[in-house]
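Order of the sequence lines sets the chain letters (A, B, ...), proteins ahead of strands, with each chain counted from 1.
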Number of protein chains: 2
Amino acid sequence: MLSDQKEYFTGKRQGMGFGNVSERRSAPPQVGVSVVILALGPDDMPEHGATQAESAETGAGTPHSRLWLPLVKRVRQPFLGTWALPGGDLRSDWSLEQSAYSALESTTALHPRYLEQLYTFGGPERSHGGLPMVSVVYWALVGQAEAAHFEDGDNVRWFPEDELPPLAFDHREIIDYALLRLRSKIEYSDVATRLLGPTFTLRQLHGVYEAIAGESLDLANFRRKMLSSGDLEDTGEKVREGRQRPAAVYRYVPQLPAHTGTPHEFDGSGIAAMAKRNERKDVLAALSPSAQI
Amino acid sequence: MLSDQKEYFTGKRQGMGFGNVSERRSAPPQVGVSVVILALGPDDMPEHGATQAESAETGAGTPHSRLWLPLVKRVRQPFLGTWALPGGDLRSDWSLEQSAYSALESTTALHPRYLEQLYTFGGPERSHGGLPMVSVVYWALVGQAEAAHFEDGDNVRWFPEDELPPLAFDHREIIDYALLRLRSKIEYSDVATRLLGPTFTLRQLHGVYEAIAGESLDLANFRRKMLSSGDLEDTGEKVREGRQRPAAVYRYVPQLPAHTGTPHEFDGSGIAAMAKRNERKDVLAALSPSAQI
DNA sequence: ACAAAAGTGTTAAGCATACACCCATGA
DNA sequence: TCATGGGTGTATGCTTAACACTTTTGT
């Protein structure tokens with residue numbers, strides 16, 4: 001990741017004079033932040049109409065959208081030229097969340113609808129010749145509309161979750177873990193809504209669940225379960241996705257603003273500050289998760 | 001942006017002399033590790049026999065054991081003299097888990113039966129005049145027998161979870177979060193067994209669940225549920241706790257060695273290394289969790 | 001009218017809960 | 001033989017899952 005490479009060179013340049021290997025080994029590690037950014041891919045975007053119909057024909061394959069994530073190409077050793085997670089430094093005058101938000105924003109120009117600490121990775125085996133590095137990793141969800149821009153930059157490119165290139169450091173395992181967390185969390189949390197826009201039809205939400213869970217869910221029961229949760233509010237609008245009967249459009253309105261399982265997330269204060277700093281108040285409103293551990 | 005950031009920080013670090021407050025604020029924070037250590041308290045230790053019977057008489061109060069945790073008294077500013085979580089430095093030649101294990105062991109001389117990363121805390125608001133600090137926090141469970149020693153040292157003391165003294169920094173919130181995680185995890189994981197010894201009766205296990213969940217569970221149903229999980233193996237032994245019929249003794253034997261929700265825990269390799277280093281192989285065997293996220 | 005998707009109803013199976021009951025043991 | 005905890009049986013209610021069915025819309 002970027003921060004890994006950076007620290008590597010920082011150590012070299014700064015001339016701290018590591019006398020030998022053992023001295024360097026026992027020195028405290030550097031810290032950085034990385035982000036696994038997830039968004040629904042363009043495969044079966046309902047907007048694209050035709051794709052939807054023909055993919056439904058396919059017997060065996062799942063006609064679901066896939067998850068995509070942006071990676072950045074490393075411009076330094078180790079792993080020069082290899083794809084890696086977006087990352088950056090930890091600033092001590094920012095919260096961890098803010099640092100993660102900043103890393104996300106500066107590499108992808110996206111604004112997440114969800115941001116949560118994933119895990120902190122460390123240990124000697126992940127340096128690969130660089131300086132020892134502890135990475136506080138966050139994972140983020142980006143809404144459909146935002147992610148639709150999908151402007152692959154020169155050093156940033158989106159990849160589907162199941163067709164990842166070789167990755168630097170232990171970033172492959174980190175991504176796998178993020179996907180695991182997402183798949184786990186979708187069953188008892190509201191994260192699915194964060195991959196769509198602020199409003200959505202039940203069929204869209206159903207599609208997200210199926211895409212992420214990887215199994216097909218009875219639409220009728222899904223509908224009932226969702227509606228009985230009381231967290232979906234009918235906007236009154238109707239939208240036609242295909243050529244048939246229009247579907248009701250819902251908005252996610254958490255009834256009990258419970259915690260997500262991580263501290264700091266009772267409110268989105270960290271995000272709020274970030275959003276404010278960047279004059280994007282809408283992000284603020286979108287980020288008030290409600291779920292259980 | 002990232003490269004801007006990098007140069008920025010590189011320049012700052014090089015001199016090592018932080019000129020003023022704003023420069024110090026933007027410098028990268030230090031990293032450390034802390035541990036929330038939990039064990040069942042001596043309140044209603046089944047071994048003590050008599051206590052068990054009389055506490056059952058008490059109508060309103062819960063006769064359950066309480067959770068206790070060891071705290072250390074700070075010998076530096078800020079918060080000099082205040083109780084705080086055990087902690088230590090991160091060594092770059094150790095895994096995070098090993099560093100946590102080491103911090104735990106060196107302050108309490110205990111060997112945990114469970115160790116898992118809790119969360120990483122950071123941000124400017126937690127310094128309180130000290131250096132900016134990022135704390136990778138682990139939580140640990142210690143078995144009944146181990147914890148029974150309970151030798152309060154000069155600077156280490158055990159406190160019951162519901163009678164904590166004022167704590168340094170944000171350690172109170174950290175502990176609360178650890179308890180939240182424990183209470184959440186006990187419902188779908190095997191963590192309860194880690195608070196007892198390697199073998200236990202169903203009644204003992206039931207007691208742990210009640211103590212942690214805070215609600216009373218039907219013993220008959222609890223028994224069925226546990227046995228039907230297939231993770232309990234009858235050792236064939238019988239033990240009398242009171243003066244009545246002896247109870248069967250079980251051992252926890254996870255059927256599917258699934259993951260706990262955190263990476264690195266698929267095996268207890270980090271712990272294994274630590275245990276080996278300290279010539280305590282039994283710890284190794286005890287640490288192979290099986291649960292879900 | 002027909003096709004396709006939106007949306008509702010109905011029933012069976014499974015699981016959790018409550019609690020009645022029998023069994024084993026020492027005093 | 002009695003008290004106490006160990007251990008089993010069973011009825012009830014709720015949730016889940018499966019799928020048949022009705023409704024709405026554009027063609």
Inset, instruction - Please tell me if the side chains of B:V142 and B:I37 come closer than 4.5 Å, counting only heavy atoms from C-beta onward. - result: yes
Legend entry - Distance in angstrom units between A:Y188 OH and D:dT15 C1', rounded: 21 Å
Legend entry - base_contact_polar (D:dG5 base, B:R240 side chain, donor-acceptor, <3.5 Å): no
Legend entry - Which nucleotide in D:dG7, D:dC19, D:dT25 has an atom nearest any side-chain atom of A:N221: D:dC19
Inset, instruction - Measure from CE on A:M226 to P on C:dA6 and round the result to the nearest Å. - result: 16 Å
Legend entry - Selected nucleotide, minimal atom distance to B:A248 side chain, candidates D:dG7, C:dA5, D:dG9: D:dG7
Inset, instruction - To the nearest Å, give me how far apart NZ (B:K225) and P (D:dG9) are. - result: 20 Å
Legend entry - B:L217 CG - C:dT17 C1' separation (whole Å): 11 Å
Legend entry - Rounded distance (nearest 0.5 Å) linking atom CD of A:Q144 with atom CG of A:L40: 6.0 Å
Inset, instruction - Return yes if the base of D:dT23 and the side-chain atoms of A:R245 contain a donor-acceptor N/O pair under 3.5 Å, otherwise no. - result: yes
Inset, instruction - Could you tell me if the ring centre of B:Y250 sits under 6.0 Å from that of B:Y252? - result: no
Legend entry - Atom-pair distance (CZ on B:R223; P on D:dT10), nearest Å: 17 Å
Inset, instruction - Starting at atom CZ of A:F222, determine the distance to atom P of D:dT15, rounded to an integer number of angstrom. - result: 19 Å
Inset, instruction - Could you pull out all residues at least two apart from A:E233 that satisfy salt bridge (charged side-chain N to carboxylate O under 4.0 Å, His left out)? - result: A:R251
Legend entry - Check: B:R203 side chain, D:dG7 base, donor-acceptor under 3.5 Å: no
Inset, instruction - Give a yes/no answer on whether the side chain of A:R243 brings an N or O atom under 4.0 Å of OP1 or OP2 in C:dA5. - result: no
Legend entry - Length of the line joining A:L219:CG and C:dG9:C1', which is rounded to integer Å: 15 Å
Legend entry - Which nucleotide in C:dG7, D:dG5, C:dA18 has an atom nearest any side-chain atom of A:A247: C:dG7
Inset, instruction - Mind calculating the distance between CG (B:D234) and P (D:dG6) to the nearest angstrom? - result: 14 Å
